Amino acid sequence: NNRIVINNAYSIVRNATGYFLGEPIQYTAKAEADKDNIQKLNTYMDSENKSCEDMSVGDSASICGTGYRLVAVDDAGEEDEAPFEIPTLEPQNTFVIYSTKAGHEPLLGVTYGPLLNDDGYISGTSYTVYDGTYQYRYAVKGTGTVILPQDLIERPKPHFLGGVPIVEYPNNEWRMGDF
């Protein structure tokens with residue numbers, strides 16, 4: 001009993017993201033005076049391996065219908081070549097809440113994951129919530145899904161970005177994957 005598996009879903013995702021993001025994005029300056037700043041931005045993006053992160057966001061969008069990226073300022077003492085980080089977030093554990101007003105501005109960005117105890121077992125859920133000014137971290141013990149004020153595990157930390165730092169990249173207007 002020989003069975004051949006042809007993973008068409010993988011081929012569709014690979015072809016779609018390769019066609020769309022096969023060549024890394026490069027920024028260019030319209031004005032001659034901005035060339036040095038744009039070159040610095042390209043250097044930052046290269047140091048943060050943005051082309052790889054773009055492919056990861058593209059794969060997530062192609063598979064799940066949407067992809068997410070966090071834009072974060074480097075913590076003190078953890079600075080590297082660029083003053084920021086741009087990690088890709090898991091679309092299964094991330095969402096953005098939008099306003100119902102015209103323009104649908106993002107109000108909150110949330111990412112979550114398992115909360116582990118000292119033995120390495122899951123004891124609850126850890127939530128990181130971003131608004132336009134602060135980052136909040138919550139730890140909800142057990143199987144509860146309601147976040148209470150007493151679940152806040154540290155003081156809100158300013159993120160200095162002036163907006164919700166989780167950016168959603170929908171694959172299309174229906175947020176459907178490619179296959």
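Please read these numbers as outputs of a predicted model, since none were measured by experiment. Below, each value reflects all heavy atoms present in this structure, side chains not excepted, and no hydrogens, waters or symmetry copies. Note that the numbering runs from 1 along the sequence shown for the chain.
Within the 4.5 Å cutoff, side-chain heavy atoms of E85 are placed close to those of D80. Between H159 and V73 the shortest side-chain heavy-atom distance does not fall below 4.5 Å. Residues V96 and L108 are not in side-chain contact: their nearest non-hydrogen atoms beyond the backbone lie 4.5 Å or more apart. Looking at heavy atoms from C-beta onward, E105 lies out of side-chain contact with V164 at the 4.5 angstrom threshold. Contact of the E81 side chain with the D46 side chain is not registered, since no non-hydrogen atoms from C-beta on lie closer than 4.5 Å. Under the 4.5 Å side-chain criterion, counting only non-hydrogen atoms from C-beta, K50 is in contact with I25.
Evaluation of the salt bridge (Lys or Arg N to Asp or Glu O under 4.0 Å) test over residues 59-70, restricted to residues two or more places apart or in two chains, returns D54-R69. Among residue pairs with one or both ends in residues 107-127, none qualify as salt bridge (Lys or Arg N to Asp or Glu O under 4.0 Å); sequence neighbours excluded.
Rounded to the nearest 0.5 Å, atoms CE (M45) and OG1 (T43) are 11.0 Å apart. Note that OG1 of T143 is 13.5 Å distant from NZ of K141, once rounded to the nearest 0.5 Å. In this structure, M55 CE and L21 CG are separated by 6.0 Å, a value rounded to the nearest 0.5 Å. Within the model, atoms SG of C64 and CZ of R175 stand 13.0 Å from one another, a figure rounded to the nearest 0.5 Å. Taken to the nearest 0.5 Å, the OH atom of Y127 stands 10.0 Å off from the CG atom of N93. Atom CD in Q92 sits 10.5 Å away from atom OG1 in T111 (nearest 0.5 Å).
Taking both residues in full, the closest heavy atoms of A16 and D178 are given as CB-OD2, 3.3 Å, listed atom of the first, atom of the second, then distance. Here the shortest heavy-atom pairing between A139 and I153 reads CB-CG2, 3.4 Å. Summarising the geometry of H104 relative to S99, their closest heavy-atom pair is ND1-O, 3.0 Å, with the distance given to 0.1 Å. I38 and Y27 get closest at one heavy-atom pair: CG2-O, 3.2 Å. The two residues L152 and E154 make their nearest non-hydrogen contact at CG-O, 3.3 Å. Closest approach of Y68 and F95 over heavy atoms only: OH-CA, 3.8 Å.
Residues Y134 and V110 are members of one and the same hydrophobic cluster, defined by side-chain heavy-atom contacts under 4.5 angstrom among Ile, Leu, Val, Met, Phe, Trp and Tyr. Y130 is connected to L89 through a chain of hydrophobic side-chain contacts under 4.5 Å among Ile, Leu, Val, Met, Phe, Trp and Tyr, so both are in one cluster. No chain of hydrophobic side-chain contacts below 4.5 Å, direct or via other Ile, Leu, Val, Met, Phe, Trp or Tyr residues, connects I97 to V167. L70 and Y98 fall within a single hydrophobic cluster, where Ile, Leu, Val, Met, Phe, Trp and Tyr side chains are chained together by heavy-atom contacts under 4.5 Å. Two different hydrophobic clusters hold Y10 and I12 under the rule that ILVMFWY side chains link at heavy-atom gaps under 4.5 Å.
Between T88 and E53, the side chains place a donor N or O and an acceptor N or O closer than 3.5 Å (distance only, hydrogens not considered).
When atom types are taken as modelled, the side chain of N42 and the backbone of Q26 share no donor-acceptor pair closer than 3.5 angstrom. The main-chain N or O of G113 is never found under 3.5 Å from a side-chain atom of S126 such that the two would form a donor-acceptor pair. Judged purely by atom type and a 3.5 angstrom limit, S62 has no side-chain atom pairing as donor or acceptor with the backbone of G58.
Surrounding CG of D36 are at most 12 heavy atoms belonging to other residues, nucleotides or ligands under 6.0 Å away. Heavy-atom contacts from other residues, nucleotides or ligands closer than 6.0 Å to CD1 of I6 number 12 or fewer. By the neighbour-count criterion of 12 heavy atoms within 6.0 Å, atom CD1 of I122 is sparsely surrounded, having that number or fewer from other residues, nucleotides or ligands. Within 6.0 Å of the CZ atom in F20, the count of heavy atoms belonging to other residues, nucleotides or ligands does not exceed 12. No more than 12 heavy atoms of other residues, nucleotides or ligands lie within 6.0 Å of CD in E32, so this atom counts as exposed by the packing criterion.
With sequence neighbours excluded, no residue satisfies ring pair (Phe, Tyr, Trp, His ring centres under 6.0 Å) with Y136.
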